[in-house]
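Worksheet: one structure, shown below.
The basis for the numbers below is simple: all heavy atoms, side chains too, and nothing from hydrogens, waters or symmetry mates.
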Amino acid sequence: MQRYAETGSKAGIQPAHAKRLRNLLTALDAASSPTDMNAPGYRLHALHGDLEGQWAVSVSGNWRLTFAFQGEDAILVDYQDYH
């Protein structure tokens, strides 16, 4: 995921998700709080349990982009299939 964000390499991600991930990462980079990611179709939701304090938006199917915020910066950004 980090390689995709930094270089555009699709190694480690589902190639079909590349465009959606790029859009989500661009929005996340511009966001200053989790609620800034509450756009139509993103399905923003808070996570619970071990991931308490983190948020997720939908990429496709079971795939999500998860993140937390520290101040106005997104941290712990990850792309995962968590079902």
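A search for side chain to side chain donor-acceptor pair (under 3.5 Å) contacts involving E6 returns Q2, not counting sequence neighbours. Checked against side chain to side chain contact (heavy atoms under 4.5 Å, CB included), N23 has the following partners two or more places apart in sequence or in another chain: K19. Listed by chain and number, the residues in a side chain to side chain donor-acceptor pair (under 3.5 Å) with D81 amount to none (sequence neighbours excluded). Partners of A18 according to the side chain to side chain contact (heavy atoms under 4.5 Å, CB included) rule, which considers only residues two or more places apart in sequence or in another chain, are Y4, K10, I13. Among residues two or more places apart in sequence or in another chain, the ring pair (Phe, Tyr, Trp, His ring centres under 6.0 Å) test is passed with Y79 by H17, W63. Not counting sequence neighbours, Q14 has no partner by the side chain to side chain donor-acceptor pair (under 3.5 Å) test. Residues satisfying the side chain to side chain donor-acceptor pair (under 3.5 Å) test with S9, not counting sequence neighbours, are none. Applying the side chain to side chain contact (heavy atoms under 4.5 Å, CB included) test to D29 and every residue at least two apart in sequence or in another chain returns nothing.
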Exercise for review: Determine, step by step, whether S60 and R20 satisfy the side-chain contact (heavy atoms from CB on, under 4.5 Å) criterion, reporting the C-alpha distance in whole Å, the side-chain angles of both residues, the deciding distance to 0.1 Å, and the verdict.
Suggested key: CA-CA 8 Å; S60 179; R20 173 77 168 180; over 6 Å; no
Practice item. Take L76 and T66, measure what side-chain contact (heavy atoms from CB on, under 4.5 Å) needs, and give me the verdict at the end. Key: CA-CA 7 Å; L76 304 175; T66 61; over 6 Å; no
Point to revise | CA sep, side-chain torsions, deciding dist, call: L65, L25, side-chain contact (heavy atoms from CB on, under 4.5 Å) | key: CA-CA 9 Å; L65 183 69; L25 289 170; 4.1 Å; yes
Determine all donor-acceptor pairs shorter than 3.5 Å in which one atom belongs to a side chain in residues 44-56; sequence neighbours excluded.
from: H45; atom 1: ND1; to: R43; atom 2: O; distance (Å): 2.9
from: H45; atom 1: NE2; to: Y82; atom 2: OH; distance (Å): 2.6

Could you go through residues 31-38 and list every donor-acceptor pair under 3.5 Å that involves a side-chain atom there, pairing it with any protein atom two or more places apart or in another chain?
from: S32; atom 1: OG; to: D36; atom 2: OD2; distance (Å): 3.1
from: S33; atom 1: OG; to: T35; atom 2: OG1; distance (Å): 3.0
from: D36; atom 1: OD2; to: S32; atom 2: N; distance (Å): 2.7
from: D36; atom 1: OD2; to: S33; atom 2: N; distance (Å): 3.3

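Taking 4.5 Å as the limit, some side-chain heavy atom of V77 sits within range of a side-chain heavy atom of L28.
Residue pairs satisfying the ring pair (Phe, Tyr, Trp, His ring centres under 6.0 Å) criterion with at least one member in residues 19-42, sequence neighbours excluded, are absent.
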